[in-house]
J.: 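Quick one: this structure, given as structure tokens, is what I'll be asking you about.
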Amino acid sequence: MHQDLRRGLRDGLPIALGYFPVSFTFGILAVSGGLSFWQATLISLMNLTSAGQFAGLSVMTAGGPLVEMALSQLIINLRYSLMSISLSQKVDGSVRGLARWSFPFSVTDEIFAVSAARPEPVTQRYWAALRILPIAGWTLGTLCGALLGAVLPQRLLEALGIALYAMFIAIIVPAARRDVHVCLACVLAVAFSCVFFFTPALSAVGSGFSVIICAVAASSAAAVLFPVGEEEGA
Amino acid sequence: MNTSSFFLYLAVMAGVTYLVRAVPFLLIRRKIESRFLRSFFRYIPYTVLSAMTFPAIFFCTGSVLSAAAGTAAALLLAFFDQSLLVVAMASSAVIWVVSLLV
């Protein structure tokens, strides 16, 4: 096997394992929200994103407007734009033609983090191998959750409910520990989010919209208060 | 959910998600000049995830006490750079144990 393929598979395996419990939870939630198992699985296969899917699912099951769906996906997934820009500087000439169009489909927080940490350029072989196991883990996890959710004990389902948030914490905390400005931006976002959650008049705002407002407000404030230097950021 | 409205939602969801990832990758080759935008993009991944997580995490299990215990476990393990799998499974396990005790 080509070395890039082997390394890609090896780097992708821990991501796939981490995705499984989270997408399992997504499958359970989707079915309990009224979707069928194949609908839940199709969402995971076609979106490959955690936060966006959970937000999208709540818009779907609430019968929300399509514009809320579009806006929530745009803002919640806006972070992928930054990662895509960064990756566009890092790929080599082997990423071309159809492969170039399919490449950005699998930009996620975790896949990006692994490929960005790699000193060598990202080749098409490496990317194809890196993403295959996480895509499989994410999709099959959803399928299993959608099929098994109904027969699992309630206590176990409740315990799994935290898996999504725990995965987010696993992304936020190491970054916040290394950069005090990121930490303060997060504290600000949490403060705004609590205001929305606990203020009766504001809690009527859809959860998708309130995340958008809180994140944009906190990031704008942080960008003004703590602008990044020339070499940092995008 | 009926099939036609499902596919409408799915098309918007998957379409926007793909475009958000693909448009910058396919079009932008230069470095972003605006310092404000570069800073904004630096913070947005983490503020989105923070706003989604808190305070919702405390109400994800039906018991604020067990959720708080699970949150504490996740924060502690993440602080020591544990993997996604370890953080997700350990915090679920903590909630399981607390719900057996309380």
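In the text below, chain A, chain B and the rest are named by the order of the sequence lines, each starting its count at 1.
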J.: Using non-hydrogen atoms and a 4.5 Å limit, figure out which bit of B/Leu8 sits close to chain A: side chain, backbone, both or neither.
T.: both

J.: Please report the shortest heavy-atom distance between A/Tyr165 and B/Ala56, naming the atom on each side.
T.: OH-CB, 3.6 Å

J.: Among B/Ala93, B/Ala67, B/Ala90, B/Ser91, who wins on heavy-atom pairs under 4.5 Å with chain A?
T.: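 Looking at each option in turn, the highest pair count goes to B/Ser91.
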
J.: Counting heavy-atom pairs under 4.5 Å with chain A, which one of B/Val86, B/Leu10, B/Thr3 comes out on top?
T.: B/Leu10

J.: Pick from B/Thr47, B/Leu100, B/Leu75, B/Thr61: which one has the most heavy-atom pairs with chain A under 4.5 Å?
T.: B/Thr47

J.: Does the side chain of A/Thr49 come under 3.5 Å of the side chain of B/Thr17 through a donor N or O and an acceptor N or O?
T.: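 A/Thr49 vs B/Thr17: no donor-acceptor pair found between side chains.
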
J.: When heavy-atom pairs shorter than 4.5 Å are enumerated against chain B, which of A/Ile162, A/Leu87, A/Leu157 gives the highest number?
T.: A/Ile162

J.: Can you check whether A/Gly64's main-chain N or O pairs, donor with acceptor, with B/Tyr9's side chain at less than 3.5 Å?
T.: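 Side chain of B/Tyr9 to backbone of A/Gly64: a pair is present.
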
J.: Between B/Tyr18 (side chain) and A/Asn47 (backbone), is there a donor-acceptor pair under 3.5 Å?
T.: no

J.: Let's test your reading of the structure: which of B/Pro55, B/Ala88, B/Ala74 forms the most heavy-atom pairs below 4.5 Å with chain A?
T.: B/Pro55

J.: Side chain, backbone, both or neither: which part of A/Phe20 has an atom under 4.5 Å from a heavy atom of chain B?
T.: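 It is neither, since no heavy atom gets under 4.5 Å.
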
J.: Name the region of A/Leu156, side chain, backbone, both or neither, that has any atom closer than 4.5 Å to a heavy atom of chain B.
T.: both

J.: Checking heavy atoms, do the side chain of B/Ser66, its backbone, both or neither come under 4.5 Å from chain A?
T.: neither

J.: For A/Phe197 and B/Phe59, run side chain to side chain contact (heavy atoms under 4.5 Å, CB included): C-alpha distance rounded to whole Å, both residues' side-chain angles, the deciding distance at 0.1 Å, then the answer.
T.: CA-CA 11 Å; A/Phe197 195 88; B/Phe59 307 99; 3.4 Å; yes

J.: Of the backbone (N, CA, C, O) and the side chain (C-beta and beyond), which part of A/Gln53 lies under 4.5 Å from a heavy atom of chain B, both, or neither?
T.: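 Both parts, backbone and side chain.
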
J.: I'd like to check B/Tyr46 versus A/Phe168 (side-chain heavy atoms, cut-off strictly below 4.5 Å). Are they in contact?
T.: no

J.: Over all heavy atoms of both residues, which pair between B/Val20 and A/Ser81 is shortest? Give the atoms and the distance, please.
T.: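 It is O-OG, 2.8 Å.
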
